[in-house]
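Take a look at the structure below.
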Amino acid sequence: MSSQTGTPDEDGKAPHPLSLFEFWPGSIFYTPIVLYWIALGLRYGDFSVPSAANPCIETGGLCGESKSGILDLAGPVANRWIAPYVTQMLRKGLREEDAKAITVALSKKGIAFPVVVKPDIGCNGTGVKLVQRPSDLLPVLRQFPSGVRILAQALATGPVEAGLFYIREPGATSGRITSITYKESPVLEGDGVATIRELIMRDTRTSLLSDIYLPRLEGRLDDVPACGEPVQLVFTGNHCKGSIFRNGCKDATPALTRRLDEIIGDITEFHFGRIDVKAASIDALRRGEDFEIIELNGVGSEATHIWDSRTTLWEAYRAQFFHYREAFRIGAMNRARGRKTCGAYTMLRYWRKQRRLLALYPLND
């Protein structure tokens, strides 16, 4: 694997194929976090206080928010760092017209194929598709239900994908980076003999997650890659979809922090969340240069470095508790400034809407 599963990292500590808790059911891993949220809600007198942390985003970005709606909050400075995009509402019985409308809108913005197509309301990479050429767009759109807004974005080509968690208090001119995660798509190497299925099943990590990879490669599982031919198992940079996450917190340099201060300072009332980027290199990212923002995520996002397989359960919960505590604190600060929380009922309504939509989306690439 290109991810070098058994190779020691810079600190000399060899990662395990999987951590103790890495793929625990959510009902188990998140139970202490839900209880902590309830405790904080009782303390602050409102379970939806974090929704005020980013008051211009639906639910503060906790759930059910519009991806393009967040990106639209960017001013001219921030826009220079965001991979360009267009949106289109999919209409019943009009997929060909929708595909033409997206193609025309992309052309007007100077966006060339390939592009990334994703649902405007989504979570964990569900429904994200890579569209290589205009002729592939219509078949992809036909996999989505009507009444869903689609975001088509220029493919950011930087080889390094990272998630940068950023917190900035209301009224402050600078913030802090509290987490950096490097995301690696697992790539297997063909030997001219084994099928893709066999390559997956004999690798120390992918064999443990075959239920994630096999359905996404259906139709190719019996192919035999040539000797040395790379086989990328997943496109979407999400842990629960099979990407490998590495802790990069040590790369939160002053230069990168200053760059995020500049960018996030030009996004209306964005105080808490994760910025997903593609960068030319880790060194470039450390310098705060040569990267593109592909997504902005609010209070529902995680400090994803916890999914590094070397992270202990205690370290993961400590990071989770810290970030949710900060979400309540920032939300309370904005509430004191007169910003409204969404209320527990609205929070639940948006969560249900998101769950319903996720069940309708196609399998991600």
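This one's a predicted model, so the numbers in the text were calculated from it and none came from an experiment.
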Notebook entry, point to check: Which heavy-atom pair separates D266 from A78 by the least distance, and what is that distance?
Noted result: OD2-N, 2.9 Å

Next item on the list: Output yes when R202 and D191 qualify as a salt bridge under the 4.0 Å nitrogen-oxygen rule, no when they do not.
Entry: yes

Check: Does the S48 side chain pair with the main chain of G343, one donor and one acceptor, at a distance under 3.5 Å?
Finding: yes

Next item on the list: Let me see the working for E295 and K118 under salt bridge (Lys or Arg N to Asp or Glu O under 4.0 Å), right down to the final yes or no.
Entry: CA-CA 11 Å; E295 202 160 287; K118 62 182 89 172; 3.1 Å; yes

Next item on the list: Could you check if a side-chain atom of L233 sits within less than 4.5 angstrom of a side-chain atom of R216, using non-hydrogen atoms only?
Entry: no

Checklist line | Minimum-distance pair of heavy atoms, taken over all atoms of M201 and S210 | finding: SD-CB, 3.6 Å

Checklist line | Sidechain-backbone polar pair: T311 side chain, E315 backbone, donor-acceptor under 3.5 Å | finding: no

Next item on the list: Check the side chains of S68 and D120 for a donor-acceptor pair under 3.5 angstrom, ignoring hydrogens and angles.
Entry: yes

Next item on the list: Hey, could you give me the NZ/CG distance between K353 and L348, rounded to the nearest 0.5 Å?
Entry: 14.0 Å

Checklist line | Where P225 and G190 come nearest, the two heavy atoms and their spacing | finding: CB-CA, 3.8 Å

Next item on the list: Ignoring hydrogens and angles, state whether a donor on the side chain of N247 or Y182 is under 3.5 Å from an acceptor on the partner side chain.
Entry: no

Notebook entry, point to check: Do L363 and I212 share a hydrophobic cluster (ILVMFWY, side-chain heavy atoms under 4.5 Å, transitive)?
Noted result: no

Note to self: I'd like to know if the side chain of D261 pairs up with that of S174 as donor and acceptor (distance under 3.5 Å, no hydrogens or angles considered).
What the structure shows: no

Next item on the list: Rounded to the nearest 0.5 Å, what's the gap from CD on E161 to OG on S185? Could you check?
Entry: 9.0 Å

Note to self: Please tell me whether I267 and L151 are part of a single hydrophobic cluster in this structure, the criterion being side-chain heavy atoms less than 4.5 Å apart.
What the structure shows: yes

Note to self: If hydrophobic clusters are built by linking Ile, Leu, Val, Met, Phe, Trp and Tyr wherever their side-chain heavy atoms come under 4.5 Å apart, do W24 and I33 end up in the same one?
What the structure shows: yes

Check: Is the backbone N or O of G61 less than 3.5 Å from a side-chain atom of Y350, with the two atoms forming a donor-acceptor pair by type?
Finding: no

Check: Is there a side-chain contact between Y213 and I196, using heavy atoms and a 4.5 Å cut-off?
Finding: no

Notebook entry, point to check: Can Y36 and R325 be counted as having a side-chain donor-acceptor contact under 3.5 angstrom?
Noted result: yes

Note to self: A quick test of your reading: do over 12 heavy atoms of other residues, nucleotides or ligands sit less than 6.0 Å from NZ of K340?
What the structure shows: no

Check: When rounded to the nearest 0.5 angstrom, what distance separates CG in D203 from CG in L188?
Finding: 5.5 Å

Check: Side-chain contact, heavy-atom cut-off 4.5 Å: V148 with L360?
Finding: no

Check: When hydrophobic residues are tied together by side-chain contacts of less than 4.5 Å, even through go-betweens, does F322 share a cluster with Y324?
Finding: yes

Next item on the list: Just do the side chain to side chain contact (heavy atoms under 4.5 Å, CB included) check on L214 and R197 with the steps written out, would you?
Entry: CA-CA 7 Å; L214 294 180; R197 186 196 306 272; 4.3 Å; yes

Notebook entry, point to check: Would a hydrophobic clustering, with Ile, Leu, Val, Met, Phe, Trp and Tyr connected at side-chain separations under 4.5 Å, put V187 with I282?
Noted result: no

List, one per line, each side-chain donor-acceptor pair under 3.5 Å for residues 132-144, sequence neighbours excluded.
unit_1: R133; atom_1: NH1; unit_2: D136; atom_2: OD2; d: 2.8

Next item on the list: Identify the two heavy atoms, one from V117 and one from A152, that lie closest to each other, and give their separation to 0.1 Å.
Entry: CG2-CB, 4.3 Å

Next item on the list: May I ask you to decide if D308's main-chain N or O and R246's side chain share a donor-acceptor pair within less than 3.5 Å?
Entry: no

Note to self: Tell me whether R259 contacts the main-chain N or O of G288 through its side chain, where contact means a donor paired with an acceptor under 3.5 Å.
What the structure shows: yes

Check: Which pair of heavy atoms, one from S301 and one from G273, lies closest together, and at what distance?
Finding: OG-CA, 3.8 Å

Check: Between the side chain of D290 and the main-chain N/O of A279, is any donor-acceptor distance below 3.5 Å?
Finding: no

Margin query: Taking the ring of F245 and the ring of H305, is the distance between their centroids below 6.0 Å?
Written below: no

Next item on the list: State whether R337 and E269 are salt-bridged, where the test is any N-O pair (Lys NZ or Arg NE/NH1/NH2 against Asp/Glu carboxylate O) under 4.0 Å.
Entry: yes

Notebook entry, point to check: Is a side-chain donor or acceptor of Q320 paired with a backbone partner of Y317 at a separation under 3.5 angstrom?
Noted result: no

Note to self: Go through it in stages, so that I can follow the logic: the residues are I167 and H271, the test is side chain to side chain contact (heavy atoms under 4.5 Å, CB included), and I'd like the CA-CA distance, side-chain angles, deciding distance and then a yes or no.
What the structure shows: CA-CA 6 Å; I167 301 174; H271 300 285; over 6 Å; no

Checklist line | N/O donor-acceptor pair under 3.5 Å between N54 side chain and I57 backbone | finding: no

Item checked: Approximate separation, where rounding is to 0.5 Å, of R339 CZ and S51 OG -> 12.0 Å

Notebook entry, point to check: So, do F165 and N297 sit near enough that their side-chain heavy atoms are less than 4.5 Å apart?
Noted result: no

Checklist line | Close side-chain approach of I244 and W307, heavy atoms under 4.5 Å | finding: no

Pair up each side-chain donor or acceptor in residues 82-89 with any protein partner under 3.5 Å, not counting sequence neighbours, and list the distances.
unit_1: Y85; atom_1: OH; unit_2: D72; atom_2: N; d: 3.4
unit_1: Y85; atom_1: OH; unit_2: D72; atom_2: OD1; d: 2.5
unit_1: T87; atom_1: OG1; unit_2: R149; atom_2: NH1; d: 3.4
unit_1: Q88; atom_1: NE2; unit_2: D98; atom_2: OD1; d: 3.3

Margin query: Under a 3.5 Å distance rule, please check whether T253 uses its side chain to pair with a backbone N or O of R286 as donor and acceptor.
Written below: yes

Margin query: Would you say that R335 contacts Y44 through its side chain, given a criterion of any heavy-atom pair below 4.5 Å between the two side chains?
Written below: yes

Item checked: Any donor-acceptor N or O pair under 3.5 Å, side chains N364, T126 -> no

Margin query: Any salt bridge linking R329 with E326? Criterion: basic side-chain nitrogen under 4.0 Å from a carboxylate oxygen.
Written below: yes

Note to self: Between L130 and L155, does the side chain to side chain contact (heavy atoms under 4.5 Å, CB included) criterion hold? Intermediate values first, please.
What the structure shows: CA-CA 8 Å; L130 177 61; L155 176 65; 4.0 Å; yes

Note to self: Would you say the ring centers of F47 and W37 fall short of 6.0 Å from each other?
What the structure shows: no

Next item on the list: Please examine the side chains of Q354 and L358, heavy atoms only from C-beta on, and report whether any two atoms are closer than 4.5 Å.
Entry: yes

Notebook entry, point to check: Sub-3.5 Å donor-acceptor pair from the side chain of R91 to the main-chain atoms of R95, do we have one?
Noted result: no

Notebook entry, point to check: Centroid-to-centroid, F272 to F328, below 6.0 Å?
Noted result: no

Next item on the list: Kindly determine whether K278 and V160 satisfy side chain to side chain contact (heavy atoms under 4.5 Å, CB included), including the steps that lead there.
Entry: CA-CA 5 Å; K278 288 281 191 76; V160 174; over 6 Å; no

Item checked: Option passing side chain to side chain contact (heavy atoms under 4.5 Å, CB included) with V277 (candidates I294, L260, L285) -> L285

Next item on the list: Flag the pair R274 / L164 as yes when at least one side-chain heavy-atom distance between them is below 4.5 Å, and no otherwise.
Entry: no

Notebook entry, point to check: Shortest non-hydrogen contact from Y361 to G127?
Noted result: CB-CA, 4.1 Å

